[in-house]
Amino acid sequence: RLYIKISKSISLLISNGEFPVGSRLPTERELSEIFKVSRPTIREAIIALEVKEIVSIKAGSGVYVVGNSLKIDDFSGDISAFELLEARVILESESASLAARMITSDEIDLLKISLETMKTEDAKCSKADREFHTLIALGTHNKVLLKQITHLWDLQDNLNHINQKRESVCIDEDRHSKIADHEAIFEAIKNKDPKSAKKAMQLHFTDLLHAMHEITEKKVVDEARNKALDMRKRFIISDSL
């Protein structure tokens with residue numbers, strides 16, 4: 001996960017004005033010397049920044065700063081949690097299948113570390129969860145898929161009505177089942193089995209969808225019950241009559 005720390009450090013330097021918008025970042029070699037890490041780590045950090053639209057990579061020219069803020073589409077306020085989950089299952093299932101064919105051994109090691117971190121974190125909606133799915137997208141070696149999946153996670157984390165729904169699901173979610181889902185995804189990708197990877201990802205989202213339906217239905221039932229109780233209190237015949 002070192003590249004994530006490096007990307008955050010570069011982002012902070014951009015925020016502080018060290019690298020203003022429009023400027024070109026130092027070369028990979030220079031950044032690797034600045035942060036004392038390998039050039040592949042710098043490369044992954046730059047890709048992570050490009051996905052967030054903080055920098056733009058121009059072939060033959062360099063990496064340029066384009067901004068440092070999350071861009072939310074105009075229609076995002078109308079997105080439901082179910083629509084976003086539907087988009088995720090479509091993109092991430094295919095992503096898992098492609099990653100099973102394209103992922104490198106180093107990326108598999110990173111995915112394993114993320115999975116182990118997820119097992120030890122107390123929070124059910126853990127940061128390692130997002131990292132795990134992002135690493136799979138990175139393992140596709142398809143920048144379009146990586147960008148789209150990252151954007152869906154950004155929407156999920158930054159749109160209040162969707163984030164609240166996700167947090168409510170996390171509270172009721174079976175932790176052991178969640179870990180088992182991610183282990184199945186990892187094993188399929190590690191074994192270079194695209195079909196099993198896709199199926200494992202779909203089953204994971206099926207569990208999420210069931211949990212979300214149960215939370216939604218429970219809320220509707222609770223609201224109806226509370227309304228009925230209010231009606232009962234309003235129209236009860238008092239002993240004082």
Practice task
Using atom types as modelled and distance alone, determine if a side-chain donor or acceptor of Thr120 lies under 3.5 Å from a backbone N or O of Thr117.
Solution key: yes

Handout entry: Intermediate values then yes/no, side-chain contact (heavy atoms from CB on, under 4.5 Å), Ile14 and Val55
Key = CA-CA 10 Å; Ile14 293 173; Val55 302; 4.2 Å; yes

Fill in the blank from the handout: Smallest heavy-atom separation, Leu138 atom then Glu44 atom, equals CD2-OE2, 4.0 Å

Practice task
For His182 and Lys178, run side-chain contact (heavy atoms from CB on, under 4.5 Å): C-alpha distance rounded to whole Å, both residues' side-chain angles, the deciding distance at 0.1 Å, then the answer.
Solution key: CA-CA 6 Å; His182 286 82; Lys178 175 182 177 180; 3.8 Å; yes

Problem - Note, Tyr64 side chain near Leu25 side chain (heavy atom, < 4.5 Å) - result: no

Practice task
Check for a donor-acceptor pair, side chain of Arg24 on one end and backbone N or O of Ser61 on the other, with a separation under 3.5 Å.
Solution key: yes

Exercise for the section: Flag the pair Ile4 / Thr134 as yes when at least one side-chain heavy-atom distance between them is below 4.5 Å, and no otherwise. Expected result: no

Handout entry: Backbone of Ala137 reached by a side-chain donor or acceptor of Thr140 within 3.5 Å
Key = yes

Problem - Pair Ser95, Glu92: side-chain N/O donor-acceptor within cut-off below 3.5 Å - result: no

Exercise for the section: Please answer whether the main-chain N or O of Ile90 pairs with a side-chain N or O of Ser93 as donor and acceptor at a distance below 3.5 Å. Expected result: no

Handout entry: Test item: Ser114 side-chain N/O and Leu110 main-chain N/O as donor-acceptor pair under 3.5 Å
Key = no

Problem - Sub-4.5 Å side-chain heavy-atom contact between Ile54 and Val66 - result: no

Practice task
Quick one: which residue pairs count as a ring pair (Phe, Tyr, Trp, His ring centres under 6.0 Å) with a foot in residues 3-42, not counting sequence neighbours?
Solution key: none

Practice task
Determine, using the 4.5 Å side-chain heavy-atom cutoff (strictly less than), whether Ile185 and Ile113 are members of one ILVMFWY cluster.
Solution key: no

Practice task
Could you list the residues that satisfy side-chain contact (heavy atoms from CB on, under 4.5 Å) with Gln148, not counting sequence neighbours?
Solution key: Leu91, Val144

Practice task
May I ask you to test the Thr104-His141 pair for a side-chain heavy-atom distance under 4.5 Å?
Solution key: yes

Practice task
Could I get the full list of salt bridge (charged side-chain N to carboxylate O under 4.0 Å, His left out) partners for Lys119, not counting sequence neighbours?
Solution key: Glu116, Glu183

Exercise for the section: Start with the C-alpha gap between Met201 and His133, add the side-chain angles, then the distance that decides, and say whether side-chain contact (heavy atoms from CB on, under 4.5 Å) holds. Expected result: CA-CA 10 Å; Met201 185 67 79; His133 287 267; 3.8 Å; yes

Problem - side-chain hydrogen bond (donor to acceptor under 3.5 Å, both in side chains) between Gln156 and Arg130, intermediate numbers included - result: CA-CA 10 Å; Gln156 180 174 270; Arg130 172 169 181 162; over 6 Å; no

Exercise for the section: Flag yes if more than 12 heavy atoms outside Lys8 fall under 6.0 Å of its NZ atom; otherwise flag no. Expected result: no

